[in-house]
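The structure appears below as structure tokens.
Reckoned from all heavy atoms, side chains included, excluding hydrogens, waters and symmetry mates. Each ligand, and each atom within it, is numbered from 1 in the order the structure gives. All values derive from a computational prediction rather than experimental measurement.
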Amino acid sequence: LCAVQNVYLLQGINLIRVGKREPVLYGNTSWPDARLHLQHWLELHWPGISLLDCTTTSEQEAVEFLHRMADDPHAVGGLINPGAWTHTSLALRDAAAGVGVPLVEVHLSHTYARESYRKSSLVASECVGTVSGFGWLGYTLGFQALLAQQPA
Ligand code: DQA
């Protein structure tokens with residue numbers, strides 16, 4: 001039993017600015033630093049898993065990343081933080097609907113406690129659950145949730 005396993009992580013528009021943008025909401029830690037920590041967490045808790053991640057400001061690239069995931073026979077699940085596209089992008093929702101493996105929606109901030117226009121998510125219906133409000137820790141929690149979805 002040494003099958004290749006890939007876990008995906010998609011971050012949408014403006015997430016590349018975390019660490020610099022609105023630190024009160026999103027914290028001071030940049031994605032490269034958070035990624036190092038996540039990588040380490042995965043090595044400890046999910047041996048053999050490979051992380052494939054994409055952080056993009058291009059909606060086309062984000063959709064194509066989900067298509068790649070859909071076509072990957074080794075994909076076991078993914079985290080998706082679409083940023084503002086969460087609330088607007090039917091295209092991303094449709095791509096998420098087609099991945100065929102569990103997705104977890106994550107948000108750094110507590111979107112349900114913010115402006116009313118952040119309270120609806122177009123991708124939520126395509127995800128097994130949502131983690132929001134815990135900063136980068138939410139990504140670790142999301143991976144834990146995905147790990148729990150794996151067949152024994
Ligand atoms: C976000 C929440 C979104 O409403 C917002 O547009 C973002 C970041 C979050 O991670 O808290 O860009 O997805």
Side-chain angles (χ1 to χ4, degrees), residues 6-46 49-70 72 75-150:
N6 293 331
V7 74
Y8 283 69
L9 191 162
L10 173 61
Q11 302 191 101
I13 193 148
N14 289 316
L15 269 303
I16 196 67
R17 299 283 303 163
V18 171
K20 297 179 218 166
R21 73 183 276 228
E22 302 185 85
V24 171
L25 282 169
Y26 303 118
N28 296 301
T29 306
S30 69
W31 168 236
D33 289 345
R35 192 185 186 284
L36 279 177
H37 175 79
L38 269 181
Q39 192 77 62
H40 184 64
W41 188 91
L42 285 170
E43 277 162 29
L44 281 175
H45 294 94
W46 200 340
I49 198 74
S50 297
L51 175 64
L52 298 170
D53 65 289
C54 170
T55 302
T56 182
T57 54
S58 155
E59 190 176 12
Q60 176 183 342
E61 204 179 307
V63 165
E64 286 171 355
F65 185 72
L66 293 180
H67 293 172
R68 215 176 313 145
M69 182 178 175
D72 177 359
V76 296
L79 298 189
I80 177 170
N81 182 353
W85 293 330
T86 306
H87 322 294
T88 62
S89 177
L90 190 52
L92 208 63
R93 178 254 168 240
D94 287 352
V99 298
V101 286
L103 285 175
V104 172
E105 179 182 359
V106 288
H107 297 287
L108 298 167
S109 66
H110 188 2
T111 48
Y112 296 100
R114 295 180 60 193
E115 301 92 335
S116 58
Y117 50 79
R118 293 186 206 277
K119 289 181 186 172
S120 76
S121 164
L122 291 173
V123 299
S125 60
E126 310 315 315
C127 295
V128 292
T130 301
V131 183
S132 86
F134 302 109
W136 294 120
L137 169 65
Y139 286 47
T140 306
L141 298 174
F143 280 130
Q144 220 173 317
L146 281 179
L147 185 52
Q149 299 280 319
Q150 303 306 308

Checklist outcome for this item: On a heavy-atom basis, the closest approach of Leu122 and Ser125 is O-OG, 3.8 Å
Checklist entry - Is a side-chain donor-acceptor pair under 3.5 Å present for Glu105 with Thr86? => result no
Next on the checklist: I'd like to know whether CD of Glu115 has more than 12 heavy-atom contacts from other residues, nucleotides or ligands below 6.0 angstrom.
Outcome noted: yes
Would you tabulate the side-chain donor-acceptor contacts of residues 135-146 under 3.5 Å, counting partners in other chains and residues two or more places apart, or write 'none'?
| unit_1 | atom_1 | unit_2 | atom_2 | d |
| --- | --- | --- | --- | --- |
| Trp136 | NE1 | Thr29 | O | 2.9 |
| Tyr139 | OH | Gln11 | OE1 | 2.6 |
| Tyr139 | OH | Asn81 | ND2 | 3.1 |

Item to check | Heavy-atom pair of closest approach, residues Val101 and Ala75 | outcome: CG1-O, 3.4 Å
Checklist entry - Sub-3.5 Å donor-acceptor pair from the side chain of His87 to the main-chain atoms of Ser121, do we have one? => result no
Checklist outcome for this item: Protein neighbours of ligand 1 with a heavy atom under 4.0 Å, given by chain and number, are Arg21, Tyr26, Asn81, Gly83, Ala84, His87, His107, Leu108, Ser109, Thr111, Arg118
